[in-house]
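Protein chains get the first letters and strands the later ones, always in sequence-line order, with residue 1 at the start of each.
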Amino acid sequence: GQQVMQIPQYQHVQEGEDFTTYCNSSTTLSNIQWYKQRPGGHPVFLIQLVKSGEVKKQKRLTFQFGEAKKNSSLHITATQTTDVGTYFCAGRTAGGTSYGKLTFGQGTILTVHP
Amino acid sequence: NAGVMQNPRHLVRRRGQEARLRCSPMKGHSHVYWYRQLPEEGLKFMVYLQKENIIDESGMPKERFSAEFPKEGPSILRIQQVVRGDSAAYFCASSQQRATDTQYFGPGTRLTVL
């Protein structure tokens, strides 16, 4: 079945440093979504990428979708303590009854030291 | 517009008891998804339902677990004869229509089996 691998599992940074998490799928995706989960909280939708090579920005966050639609990345510039949490990518394959199903990566736990 | 609602937020059961988890999707959403999350792990897809129909249950354990989304009322995830390994956070998500893709998550139910 489809697998989504996400690295690194943990990332510790000093406030002001940059942060990147990477996602790789074993199969071609129709789209990929990114979520943030605070400790004890629930996944909060950040963004969806659909097109090959797509790049989207949200303030200090930059999301990329690979040309082959099998990998994606999230980059945060100049981290702040409010960025703390776990960042998940979640991919969806095209077609069939599994179209509604999201396959989540393991997540990257980001710690920001002030 | 209220978000996805789940109750109870916390549920404690003894081994062998039944657990019933409820999910009310966002207003206007007719697609519901259930995910399970073990500590420090990603979310694992369990089941995808539309009103009165199970679309994809490929992530559901074969025994003891069932889900429904009746014409009226919330979606229910039912776990019979719970075991300690069922302890996890169970998240429900909803989407407006399959093509829209974006899934919005509820606050989750934290199940603890003693």
Side-chain angles (χ1 to χ4, degrees), chain A residues 1-11 21 23-25 29-51 54 56 63 65 69 85-111, chain B residues 2-7 9-10 21 23 25-26 29-51 53-60 67 69 75 88-110 112:
Chain A
Q2 181 191 17
Q3 291 186 341
V4 176
M5 305 299 293
Q6 191 173 351
I7 57 170
Q9 186 175 0
Y10 302 94
Q11 185 74 60
T21 174
C23 228
N24 284 288
S25 170
L29 301 171
S30 62
N31 59 59
I32 194 162
Q33 305 185 18
W34 285 90
Y35 292 84
K36 177 183 178 181
Q37 185 178 24
R38 292 184 180 276
H42 63 278
V44 175
F45 174 77
L46 294 176
I47 208 158
Q48 176 178 272
L49 304 171
V50 179
K51 299 176 183 176
E54 188 170 15
K56 287 188 176 180
F63 303 85
F65 201 10
K69 300 183 74 173
T86 303
Y87 292 85
F88 291 101
C89 61
R92 180 184 277 112
T93 53
T97 58
S98 65
Y99 187 64
K101 166 186 174 182
L102 285 175
T103 300
F104 278 78
Q106 303 95 311
T108 295
I109 301 172
L110 174 64
T111 303
Chain B
V4 178
M5 299 177 68
Q6 289 187 250
N7 67 82
R9 296 289 301 274
H10 298 274
L21 288 61
C23 169
M26 287 178 69
H29 287 196
S30 59
H31 299 252
V32 166
Y33 315 81
W34 285 94
Y35 295 85
R36 176 165 63 178
Q37 185 177 37
L38 295 172
E40 296 200 4
E41 290 191 12
L43 285 82
K44 303 296 185 188
F45 169 80
M46 298 182 75
V47 63
Y48 164 30
L49 311 103
Q50 293 181 27
K51 285 285 187 180
N53 287 304
I54 296 175
I55 307 301
D56 182 355
E57 56 181 346
S58 59
M60 286 278 274
F69 189 14
S75 175
Y90 292 83
F91 290 97
C92 165
S94 73
S95 66
Q96 188 172 12
Q97 58 184 35
R98 194 169 66 182
T100 304
D101 290 349
T102 301
Q103 295 182 13
Y104 296 93
F105 282 79
T109 295
R110 271 77 178 172
T112 301

Exercise: identify the closest heavy-atom pair between [X] and [Y]:
{"X": "A:K101", "Y": "B:Y35", "answer": "C-OH, 4.4 Å"}
{"X": "A:F45", "Y": "B:Q103", "answer": "CB-O, 4.4 Å"}
{"X": "A:Q37", "Y": "B:L43", "answer": "OE1-CD1, 4.5 Å"}
{"X": "B:R110", "Y": "A:G41", "answer": "NH2-O, 3.1 Å"}

>> Just to verify, what does A:Y87 make a ring-ring contact (aromatic ring centres under 6.0 Å, His included) with, not counting sequence neighbours?
In response: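 Result, ring-ring contact (aromatic ring centres under 6.0 Å, His included) vs A:Y87: A:F19.
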> Is the number of heavy atoms from other residues, nucleotides or ligands within 6.0 Å of CE (B:M5) greater than 12?
Replying inline: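 Atom CE in B:M5 is not packed in, count stays at 12 or less.
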> Partners of B:K44 by salt bridge (Lys or Arg N to Asp or Glu O under 4.0 Å), sequence neighbours excluded?
Replying inline: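 Applying salt bridge (Lys or Arg N to Asp or Glu O under 4.0 Å) to B:K44 gives none.
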> Is it the backbone or the side chain of A:Q6 that comes under 4.5 Å from a heavy atom of chain B, or both, or neither?
Replying inline: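 Neither the backbone nor the side chain of A:Q6 comes within 4.5 Å of chain B.
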>> As an exercise: rank A:G107, A:G40, A:A90 by heavy-atom pairs under 4.5 Å with chain B and give me the winner.
In response: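 That would be A:G40.
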>> Nearest 0.5 Å, please: how far is OH in A:Y35 from CZ in B:F105?
In response: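 Going from CZ on B:F105 over to OH on A:Y35, the span is 5.0 Å.
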>> Is there a side-chain contact between A:H42 and B:Q6 in this structure, where contact means two heavy atoms from C-beta onward sitting under 4.5 Å apart?
In response: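 A side-chain contact is absent here, since even the closest heavy-atom pair is not under 4.5 Å.
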>> When you compare the side chain of B:Y33 with that of A:L102, does any pair of heavy atoms fall below 4.5 Å?
In response: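 The answer is no; the side chains never approach within 4.5 Å.
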>> Tell me which of these, B:G106, B:A89, B:G108, has more heavy-atom pairs under 4.5 Å with chain A than the rest.
In response: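 With the most close heavy-atom pairs to chain A, the winner is B:G106.
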